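All remarks here apply to the structure that follows.
Everything numeric in this text was worked out from a predicted model, so none of it was measured. Numbers here are sequence positions counted from 1.
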Amino acid sequence: MTEIVPDSSDYNAEANLEQLSEKVKKQLFRWRQLMVFLHKFFIWEQQYYPIVLNAIVGVVFCSIWICDSSSTQEKVYNDICTELALGWVTLLSAWNSWQKIKDSKPKVYFIGFLTTLLVFAWIGNLINNLFLAYLMTTFIVLFPGLKHHGILQKYVGECIRMAQNSISKKKK
């Protein structure tokens, strides 16, 4: 983009006003429709234009204020990033454990994989696919809140205790 305002050394107001005006006109040629429209607002052609301008400025500054990254927001952002990293590490750990079982105990892997597929096929046969997609999406969306409030940990812990109790009762 070429410079609109000339050097102050060769600035002669009377002589260069027409040249400067032509340069500005060429530079802003693509914006002429918008500039004519905005001009009406800035000269308050209608009585309500000052209110509109004030509202626009208010919204812009309110947005800046809301989006301003304070130390509290920065801490929350860091916590979110840590949780995402922890989730990724947990997922990779589970995947690696699954791969180790696949390599070391192929029969256990096969039975576990087959059981998982059969359970999913059975559930998919009983329940409408759209409803299943709704349930999965809802769970994925609610998962961070469930984890944050300890609800997930509480009920998963109860399920594990129930499974351990049933296994220990069968052994007796």
Side-chain angles (χ1 to χ4, degrees), residues 1 27-38 40-41 46 48-49 51-172:
M1 183 176 219
Q27 291 293 323
L28 298 176
F29 182 74
R30 294 183 193 160
W31 298 92
R32 67 184 183 277
Q33 297 291 336
L34 179 64
M35 295 200 45
V36 170
F37 177 75
L38 289 177
K40 294 176 185 179
F41 275 96
Q46 299 289 329
Y48 60 88
Y49 283 174
I51 297 169
V52 172
L53 287 172
N54 193 23
I56 291 170
V57 170
V59 167
V60 168
F61 276 86
C62 232
S63 300
I64 292 170
W65 177 69
I66 288 171
C67 295
D68 187 26
S69 184
S70 67
S71 61
T72 306
Q73 290 174 337
E74 201 62 36
K75 184 183 180 321
V76 170
Y77 177 69
N78 286 336
D79 291 345
I80 291 169
C81 291
T82 302
E83 287 293 321
L84 287 173
L86 180 65
W88 182 250
V89 167
T90 304
L91 185 69
L92 286 178
S93 175
W95 178 258
N96 288 335
S97 297
W98 190 247
Q99 292 300 318
K100 285 179 185 176
I101 291 173
K102 180 181 176 182
D103 294 335
S104 63
K105 300 176 183 178
K107 290 181 182 177
V108 173
Y109 170 80
F110 178 73
I111 291 171
F113 192 72
L114 187 62
T115 303
T116 303
L117 288 178
L118 287 173
V119 167
F120 282 141
W122 178 65
I123 291 172
N125 192 28
L126 291 177
I127 301 173
N128 185 332
N129 289 336
L130 184 62
F131 185 64
L132 279 176
Y134 165 75
L135 289 177
M136 285 180 14
T137 304
T138 302
F139 178 74
I140 290 169
V141 169
L142 294 178
F143 182 78
L146 292 171
K147 186 176 179 189
H148 176 73
H149 291 287
I151 297 169
L152 190 67
Q153 187 176 12
K154 175 184 172 185
Y155 288 108
V156 168
E158 285 183 29
C159 290
I160 290 173
R161 276 193 297 278
M162 288 173 50
Q164 287 174 342
N165 289 340
S166 67
I167 290 172
S168 65
K169 286 180 184 179
K170 287 182 181 180
K171 288 184 179 178
K172 291 179 181 180

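With rounding to the nearest 0.5 angstrom, the OG1 atom of T90 is 4.5 Å from the CG atom of L86. Between the OG1 atom in T116 and the CD1 atom in I111 there is a gap of 11.5 Å [rounded to 0.5 Å]. How far CG of N125 is from CH2 of W122: 10.0 Å, rounded to the nearest 0.5 Å. Between the CZ atom in F110 and the OG1 atom in T115 there is a gap of 9.0 Å [rounded to 0.5 Å]. Distance OH/Y48 to CG/L53: 11.0 Å, rounded to 0.5 Å. From W95, atom CH2 reaches atom NZ of K102 across 7.0 Å, with rounding to the nearest 0.5 Å.
Residues K40 and Y49 approach most closely at O-CD1, 3.2 Å, considering heavy atoms.
For F37, the ring-ring contact (aromatic ring centres under 6.0 Å, His included) partners two or more places apart in sequence, or in a different chain, are F41.
Judged by distance alone, with hydrogens and angles left aside, the side-chain atoms of S93 form no donor-acceptor pair with the main-chain N or O of V89 at under 3.5 Å.
When side chains are defined from C-beta on, Y77 counts as touching E74, because their heavy atoms get closer than 4.5 Å.
Applying the salt bridge (Lys or Arg N to Asp or Glu O under 4.0 Å) test to residues at least two apart or on different chains, the pairs with a partner in residues 76-91 are K75-D79, E83-K147.
Enclosure of atom CZ in R30 is not indicated, since only 12 or fewer non-hydrogen atoms of other residues, nucleotides or ligands lie within 6.0 angstrom. Annotation for Q99: atom CD counts as buried by contact number, over 12 foreign heavy atoms lying within 6.0 Å.
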Side chains of residues 130-143: which donor-acceptor pairs under 3.5 Å do they make with residues two or more places apart or in other chains?
residue : atom : partner : partner atom : Å
T137    : OG1  : A133    : O            : 2.8
T138    : OG1  : Y134    : O            : 2.8

